[in-house]
Amino acid sequence: MKRLLIAGLVMLVATMAFAGGNPNVVGYIDFDPPNRIHYVTPAPYTTVLAYICFGDLDMGMAGASFMVSDVMVDCPGVFAPPSFTNLLPGDLAIGNYLTGITLASTDCMTDADVCVAYVSLYYLGGACCIELLDHPDYPRWLLDCNDPAEVDFYQHLAHGSIGGAICPDASPVEDATWGSIKAMYK
């Protein structure tokens, strides 16, 4: 009976983990939304807008948690100090985009691709990669419109390359095997 109860609990938790309305959602940096352009080579002394976007939404979104790399630390001399702009209705934000931010909308965003914010960068010259990173407390969380308590987990599709920088590969959510899940409970 104990094993049956444990198996049922594991199945319930596993079902809840995949119950979101956006099972294939991706997060990425885009320089020309909605075209999913992940690289740009601007002229020096121009402004570059790096949009933080989420795509392949089936059921819409109400908010997201993420972090963006600090280009002033990672790429000294390439940019003047950047600024961050929230694009979601209601302008609700908790945190800082460099250390972890959660943005929420007062409306359900129902488009297939939604840009939630952008970082405005004054480009001085050189190469840099602006990365979409995991929030330290809520990694890859996307709030589902249908059930505000429901969390979908997005995959990283692409970082943004500026001036020919070679960005690290995006890191998708890893699938777990049934054997590895069972091993956690032994």
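For clarity, every value in this text was computed on a predicted model and none was experimentally measured.
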Are any non-hydrogen side-chain atoms of Met59 and Asp152 less than 4.5 angstrom apart? no
Do Asp134 and Arg140 sit within salt-bridge range, that is, some charged N less than 4.0 Å from a carboxylate O? yes
Is the count of non-hydrogen atoms from other residues, nucleotides or ligands lying under 6.0 Å from Ile94 atom CD1 greater than 12? no
Looking at Leu57, is its backbone amide N or carbonyl O close enough to the side chain of Asn22 to form a donor-acceptor pair, meaning the two atoms are under 3.5 Å apart? no
Parallel, tilted or perpendicular: ring planes of Tyr28 versus His38, cut at 30 and 60 degrees: perpendicular
Step-by-step side-chain contact (heavy atoms from CB on, under 4.5 Å) determination, Tyr118 to Ile52: CA-CA 6 Å; Tyr118 67 82; Ile52 295 95; 5.5 Å; no
Without swapping roles, check the side chain of Tyr154 against the backbone of Leu157 for a donor-acceptor pair under 3.5 Å. no
Run the numbers on Phe66 and Val116 for side-chain contact (heavy atoms from CB on, under 4.5 Å), then give the verdict. CA-CA 11 Å; Phe66 58 91; Val116 298; 3.9 Å; yes
Please name the pair of heavy atoms, one in Gly100 and one in Pro136, separated by the smallest distance, quoted to 0.1 Å. CA-CD, 3.8 Å
Rounded to the nearest 0.5 angstrom, the CG-SG distance for Asp30 and Cys53 is 4.5 Å
Minimum side-chain heavy-atom gap Phe79-Ile162 below 4.5 Å: yes
SG atoms of Cys129 and Cys75 less than 2.5 angstrom apart: no
Answer yes or no: is there a side-chain heavy-atom contact under 4.5 Å between Phe31 and Val48? yes
Same apolar cluster (I L V M F W Y, side chains within < 4.5 Å links), Met67/Leu103: no
Close side-chain approach of Cys108 and Met61, heavy atoms under 4.5 Å: no
Can you give me the closest heavy-atom contact between Val25 and Phe153, atom names plus distance? CG1-O, 3.9 Å
Could you tell me whether the side chain of Thr47 reaches within less than 4.5 Å of the side chain of Ser120, counting heavy atoms only? yes
Please name all residues satisfying side-chain hydrogen bond (donor to acceptor under 3.5 Å, both in side chains) with Asn86, sequence neighbours left out, ordered by chain then number. Asp91
Using 30° and 60° as the class boundaries, would you call the ring planes of Tyr122 and Tyr45 parallel, tilted or perpendicular? tilted
What is the ring orientation for Phe84 with Tyr97, classed by angle as parallel under 30°, tilted 30 to 60°, or perpendicular over 60°? parallel
One should read off an interatomic distance between Leu98 CG and Leu133 CG, to the nearest 0.5 angstrom, of 10.0 Å
Between Asp144 (side chain only) and Gly21 (backbone N and O only), is there a donor and an acceptor less than 3.5 Å apart? yes
Determine yes or no for a side-chain-to-main-chain donor-acceptor pair under 3.5 angstrom, with Ser69 supplying the side chain and Glu131 the backbone. yes
Side-chain touch Val26/His156, heavy atoms, less than 4.5 angstrom: no
Would you sort out whether Leu121 and Val71 count as a side-chain contact (heavy atoms from CB on, under 4.5 Å), showing the intermediate values? CA-CA 9 Å; Leu121 303 157; Val71 295; 3.7 Å; yes
Checking Thr102 against His135 for the side-chain contact (heavy atoms from CB on, under 4.5 Å) test, could you report, in this order, the C-alpha distance in whole Å, the side-chain angles of both residues, the deciding distance, and whether it holds? CA-CA 8 Å; Thr102 299; His135 188 287; 3.9 Å; yes
